[in-house]
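Notes for the one structure printed next.
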Amino acid sequence: MSDYNFAYLDEQTKRMIRRAILKGVAIPGYQVPFASREMPMPYGWGTGGVQVSAACLTPEDTFKVIDQGADDTTNAVSIRKFFEFTAGVAVTEHTGEATVIQTRHRIPEEPLREDQILVYQVPIPEPLRFLEPRETETRKMHALEEYGLMHVKLYEDISRHGNIATSYAYPVKVEGRYVMDPSPIPKFDNPKLEMAAIQLFGAGREQRIYAIPPYTQVISLDFEDYPFDPSKADHPCDLCGAEHTYLDEVIIDDAGGRMFVCSDTDYCAGRQADGHRGRLSPIQEAAE
Amino acid sequence: MELRSLSGGFENAPIDASRAFRAVLNAMARPGVIEPITGAQGPAPMSSAMATVMLTLCDPETPIYLAASHDTPDIRDWIAFHIGAPIVTADKAAFAIGTWDTLCPVTQFPIGTSEYPDQSATVIVDVEHLDQHGATLRGPGIKDTAQLNLPDVVAFQMNAVLFPLGLDFILTAGDQVAALPRTTKVEVV
């Protein structure tokens, strides 16, 4: 254990964050302002998620961090080490073993349970920000439930591209009231936002915390004649053969060769361990 | 100030508060769930659960309203030493503590504004006991329905109508905690 206070932050900061989290849970989808602290990592590296995780962790927790679904990228490794060092919590790469999961831009493929908390890192929490830059105005729009502009944006997508071209950070309406940015998760993940676990969102630079309690209604915005479509690349995973997971496209040579692999590394590794094989799996040793 | 006001705090503040917060978070995210919560001991008639919730969430930045049942010199001293929060009138409270009867009418507490619905009071109510029988609860955090014994029904129904404004309630008894956020719809069976 280090000489830091448990989970790095001082107690008064944690109380402030905890109060914001509780109000966020009580008002699903509403962005609660909080006094975000400087963290020992740059903005954009998950300072919001880190502060929310710090306020939630207990010594008994098992912590997992994923970055675009992967446990082994720089961002995931450094945040996992940060809490291993400052909170002394157990860490894991397995979704099923974790009690608190901090994520950047993905929801794990394995369905989450009631005893788990999913913490999202959020860059721009305001779904209306690129349509209306003034905070005073977007705040009024949320207060008045004035979301016409968002539908105009989706409509313009259709008139320009023939379909809704938004493919990540796809806006949702939470419990029939607040339009919310689910952070830049692929729209493939949107249906999973209705889950058994508690979902907390932290935006450090923008100083906002919001939440979706378990079993809360989350509807992706769409039109009757252009219904929401949680699309993904039309391929099976080349390593585990999964047809139902979100895939990353990887260029493998300079002749246009490519492969598609599960973005959730833990899920893909689990399937391979269970004997599933994909197009590019290593040739198996001749089994007896 | 009596010497006994100095006791009853967390033994290990960061650890005790982290466990207590998880209990409160679980309770608030899953209305109807009753969580064990321990760590602090306040002067009578304050329950140990209420004392723990207060040490976890309250500090000099959160004005507190004391309802008649909990407005004793002992409790004022205990809050002054452990929390340092200003004691205020109902309309300025971020937190309100007491028994249900003395907290009523709960309409006296701030419910937030339409632009900042989070700036509403959290009401911590000491109840006799908590038990998963009673009023039926529906809403976010509840899979189908949940049940919880509540000190009132109409007041919670009136509060839910205010959504997204409204009060959030934390119910404490002995070393147990439950919660009722403004989103929960309450019905009598």
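Lettering of chains follows the sequences in order, A, B, ..., and the numbering in each one begins at 1. Computation of the quantities below employed the complete heavy-atom set of this structure, encompassing side-chain atoms and omitting hydrogens, waters and symmetry-equivalent molecules. Predicted, not measured: the structure shown is a model, and the values here were computed from it.
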Ring-ring centroid check A:Y170 A:F228, cutoff 6.0 Å: yes

Could you tell me which portion of [X] (side chain, backbone, both or neither) has an atom closer than 4.5 angstrom to a non-hydrogen atom of chain B?
| X | value |
| --- | --- |
| A:D10 | neither |
| A:A35 | neither |
| A:I21 | side chain |

Between [X] and chain A, which part of the residue has a heavy atom less than 4.5 Å away: side chain, backbone, both or neither?
| X | answer |
| --- | --- |
| B:R22 | side chain |
| B:T62 | side chain |
| B:F95 | side chain |
| B:L180 | neither |
| B:Y116 | both |
| B:L55 | backbone |

Indicate yes or no: at least one non-hydrogen side-chain atom of [X] is less than 4.5 angstrom from one of [Y].
| X | Y | result |
| --- | --- | --- |
| A:Y210 | A:D181 | yes |
| A:L144 | B:E115 | no |
| A:K192 | A:R106 | yes |

Closest-packed option against chain A by number of heavy-atom pairs under 4.5 Å, given B:S114, B:A13, B:P181, B:P31: B:S114

Geometric class of the B:F169/B:W100 ring pair [parallel <30°, tilted 30-60°, perpendicular >60°]: tilted

